[in-house]
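Notes follow once the structure below has been shown.
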Amino acid sequence: MYQNQLKHKLHQGEVVLGLFTNCAYPAFIEICGHAGLDFVVIDLEHGSLNTLIAEDLCRAADCVELAPIIRVSQNNPAQIQRALDVGSAGVQVPQIETKADAEAVVKGAKFSPLGARGLSLYTRAGVYTAAGTQRIEQLNETSLVVVQVEGKQGIDNLAEIASVPHIDVIFLGPYDLSQSLGIAGQVRDPRVVELMRTGVETIRQAGKAAGTFADTPEIAQQWIATGVQFVALGVDVGVFLRACQALVKAVRSQ
């Protein structure tokens, strides 16, 4: 059976590192793999990417043994299905606030009997029927399900959300959480940090992997020390911007 290496690493308790991507150029995905990252989150929530581009980015990721996760824009079964049909390693769904929300994600991401995902093997995920019907069980077993908890209500319901079977990662979104507390963008505010620390403990106690976004290596290390396993180290456009700024500064300062 095909093994999703990202899912395997998480279940082994390893820390995995990735990057959000808003760029449509497949070479950027290959570069992420050559750099040693474990995953990329292809972002269909923010930015201008679409499903057709995402499919080509998934192909690029496969070339360098990088796990492509597709973030959809909303908890919608059609969007979840399309994100998985293009052959991603998993789906990431934003704005999960209740147990019912989490159950709806699983229902959209898994085939029967685990869920109600629409079935067609005439897709990249289905190897265009070349793998036969056994592919259905393989996909149910290997697809990674990531849900984002990003607001105070989601934090309040986190224990119930974490109890839902077949969710692999609960991703705590610091920016939207800060916004829900009325301190938008202040992700290092003690109120945000404390809520996230408590959230990580709840997630780990439920046997799930905790994930988050880190703007700097120092912040990433701090969250890893608290038990976070799934760490997004930034966004490709931001990484490129900072690299260009550093070059310009280094030259002009001479």
Side-chain angles (χ1 to χ4, degrees), residues 1-21 29 32-33 37-45 49 51 53-62 64-96 101-111 114-118 123-127 135-149 161-162 164-173 203 207-213 228-233:
M1 180 183 291
Y2 163 79
Q3 186 179 71
N4 184 332
Q5 288 298 321
L6 183 66
K7 187 168 184 173
H8 177 71
K9 289 177 181 179
L10 288 168
H11 286 184
Q12 293 297 310
E14 297 181 35
V15 172
V16 296
L17 305 177
L19 197 70
F20 280 86
T21 182
I29 300 296
C32 287
L37 293 175
D38 300 291
F39 68 91
V40 287
V41 180
I42 300 167
D43 198 353
L44 303 191
E45 181 185 17
L49 299 183
T51 307
I53 291 170
E55 185 172 56
D56 281 341
L57 298 183
C58 286
R59 290 189 176 97
D62 288 348
V64 288
E65 298 183 354
L66 183 71
I69 307 297
I70 295 180
R71 179 165 72 172
V72 295
S73 65
Q74 58 184 300
N75 190 0
N76 175 287
Q79 287 192 22
I80 293 170
Q81 176 179 304
R82 287 174 68 84
L84 292 167
D85 278 353
V86 301
S88 65
V91 65
Q92 186 160 328
V93 183
Q95 303 295 340
I96 301 305
D101 288 344
E103 289 173 336
V105 173
V106 173
K107 185 176 180 180
K110 300 294 184 181
F111 297 113
L114 304 182
R117 174 181 166 187
T123 62
R124 183 168 185 269
V127 200
R135 185 66 174 154
I136 300 168
E137 183 179 348
Q138 291 176 351
L139 291 171
N140 260 2
E141 176 68 24
T142 61
S143 61
L144 193 79
V145 177
V146 183
V147 298
Q148 291 185 203
V149 173
I161 292 170
V164 175
H166 310 300
I167 289 174
D168 300 289
V169 180
I170 299 178
F171 188 96
L172 301 177
I203 294 165
K208 301 288 197 289
T212 196
F213 179 90
V228 172
Q229 285 181 255
F230 183 95
V231 185
L233 297 175

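Below, each value reflects all heavy atoms present in this structure, side chains not excepted, and no hydrogens, waters or symmetry copies.
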Using side chain to side chain contact (heavy atoms under 4.5 Å, CB included) as the criterion, point out the one residue from I170, V145, V106 that pairs with V164. V106
How many angstroms lie between atom CG of D62 and atom CG of L57, to the nearest 0.5 angstrom? 11.0 Å
Please list, chain by chain and in numerical order, all residues satisfying side chain to side chain contact (heavy atoms under 4.5 Å, CB included) with E55, sequence neighbours excluded. L52, R59, V86, R124, Y128
Separation between CD1 of I136 and NZ of K110, rounded to the nearest 0.5 Å: 13.5 Å
Anything under 30° is parallel, anything over 60° is perpendicular, the rest tilted; go ahead and classify F171 against F20. perpendicular
For R71, does its backbone N or O pair with a side-chain atom of E45 as donor and acceptor, under 3.5 Å? no
Please confirm whether the backbone N or O of L17 pairs with a side-chain atom of D38, one donor and one acceptor, at under 3.5 Å? yes
Roughly how far, to the nearest 0.5 Å, is CG of L37 from OG1 of T21? 11.0 Å
Straight-line distance of Q229 CD to K208 NZ, nearest 0.5 Å: 12.5 Å
Give a yes or no answer on whether the side chain of Q148 reaches the backbone of G173 with a donor-acceptor pair at less than 3.5 Å. no
For V72, is there any backbone N or O sitting under 3.5 Å from a side-chain donor or acceptor partner on Q79? no
Taking the side chain as every heavy atom from C-beta outward, state whether L144 and I69 have any pair of such atoms under 4.5 Å apart. yes
What pairs with K7 under salt bridge (Lys or Arg N to Asp or Glu O under 4.0 Å), at least two apart in sequence or on another chain? D168
More than 12 heavy atoms of other groups within 6.0 Å of R82 CZ: no
Do V41 and V146 come within less than 4.5 Å of each other through their side chains, counting heavy atoms only? no
Could you tell me whether a side-chain N or O of T142 sits under 3.5 Å from a main-chain N or O of N4, the two making a donor and an acceptor? no
If only atom types and distance count, is the side chain of N75 paired as donor or acceptor with the main-chain N or O of D101 below 3.5 Å? yes
So how far is it from S88 OG to I70 CD1, rounded to the nearest 0.5 Å? 4.5 Å
A116 backbone acceptor or donor facing K107 side chain under 3.5 Å: no
First locate atom CD1 of I29, then atom CG of L19, and finally report the distance between them rounded to the nearest 0.5 Å. 8.0 Å
Would you indicate whether the side-chain heavy atoms of Q92 and F39 approach each other to under 4.5 Å? no
